[in-house]
Amino acid sequence: MCTIIAEYGTAGIVTPMGDVYSYGILLMETFTRKKPTDDLFVGELTMKKWVSESFSQAVLSIVDANLLAREEEDFSEKGSCMSMIMEVALNCTEDSPDERINMRDVVGRLTKIRQRFKGL
């Protein structure tokens, strides 16, 4: 969250890319059932870092268990959906505002994800 604070504090200018960052954090909160202020996130470990490190190894280990259980029908497809959503969240929270995805692309990607997995 330090990046966003510095970004908002720079010359008093608020940018839409700060909102994109916040939206990425909101996606992470929604699908992990964690908050950036949880006790888990201390020192160098931030919510973004936790999701990013888990993304490459086992994104399903960080997804809220109420949303996805291994014994569920279509577990693999639902897991793919969660991975795609977390990828969007990580794209929203790039450190540099210039590297972040814009909201038009966020909406486009989330719409495609919804269409692909509709009915699961």
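What you see is a predicted model, and the numbers here were worked out from it, not measured in a lab.
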**Study point:** Co-membership, hydrophobic cluster, residues F31 and L110, 4.5 Å side-chain
**Key:** yes
Anything under 3.5 Å between a donor and an acceptor, one on a side chain of residues 83-91, the other on a protein residue two or more places apart or in another chain? List them.
residue: S83; atom: OG; partner: G79; partner atom: O; Å: 3.2
residue: N91; atom: OD1; partner: R109; partner atom: NH1; Å: 2.4

Check your understanding: Among the clusters formed by ILVMFWY side chains lying less than 4.5 Å apart, do M82 and L26 turn up in the same one?
Key -> yes
**Study point:** Side chains of T46 and P36 in contact at under 4.5 Å (non-hydrogen atoms)
**Key:** no
Check your understanding: V20 and I101: which non-hydrogen atoms are nearest, and at how many Å?
Key -> CG1-O, 3.2 Å
Exercise for review: Using side-chain contact (heavy atoms from CB on, under 4.5 Å) as the criterion, list what pairs up with A65, not counting sequence neighbours.
Suggested key: none
Practice item. Indicate the atoms forming the closest heavy-atom contact of M28 with T32, along with that distance. Key: O-OG1, 2.6 Å
Review point. With sequence neighbours left out, what residues match Q115 under side-chain contact (heavy atoms from CB on, under 4.5 Å)?
Key: T111
Review point. Which residue pairs pass the salt bridge (Lys or Arg N to Asp or Glu O under 4.0 Å) test when at least one of the two sits in residues 36-48, sequence neighbours left out?
Key: K48-D95
Review point. If you look at every heavy atom in E77 and F117, which pair is closest and at what distance?
Key: O-CE2, 3.1 Å
Exercise for review: Quick one: list whatever passes side chain to side chain donor-acceptor pair (under 3.5 Å) with E29, sequence neighbours left out.
Suggested key: none
Check your understanding: Is a side-chain N or O of E72 found less than 3.5 angstrom from the main chain of A69, in a donor-acceptor match?
Key -> yes
Study note, to complete from the structure: Residue set satisfying ring pair (Phe, Tyr, Trp, His ring centres under 6.0 Å) with F41, at least two apart, ordered chain then number -> W50
Point to revise | Distance in Å, K35 NZ paired with M47 CE, rounded so as to fall on 0.5 Å steps | key: 9.5 Å
**Study point:** Where at least one partner belongs to residues 71-116, residue pairs that pass ring-ring contact (aromatic ring centres under 6.0 Å, His included), sequence neighbours excluded
**Key:** none
Check your understanding: Is a side-chain donor or acceptor of S61 paired with a backbone partner of A58 at a separation under 3.5 angstrom?
Key -> yes
Point to revise | Same apolar cluster (I L V M F W Y, side chains within < 4.5 Å links), L67/L60 | key: yes
Review point. How would you list, by chain and number, every residue that makes a side-chain contact (heavy atoms from CB on, under 4.5 Å) with R33, sequence neighbours excluded?
Key: D64, N66
Review point. What are the two closest heavy atoms between E94 and R100, and how far apart are they?
Key: O-NE, 2.7 Å
Study note, to complete from the structure: Sorted by chain and number, sequence neighbours left out, salt bridge (charged side-chain N to carboxylate O under 4.0 Å, His left out) with K34 holds for none
Check your understanding: Quick one: do M103 and I25 end up in the same hydrophobic cluster if we chain Ile, Leu, Val, Met, Phe, Trp and Tyr together by side-chain heavy atoms under 4.5 Å apart?
Key -> yes
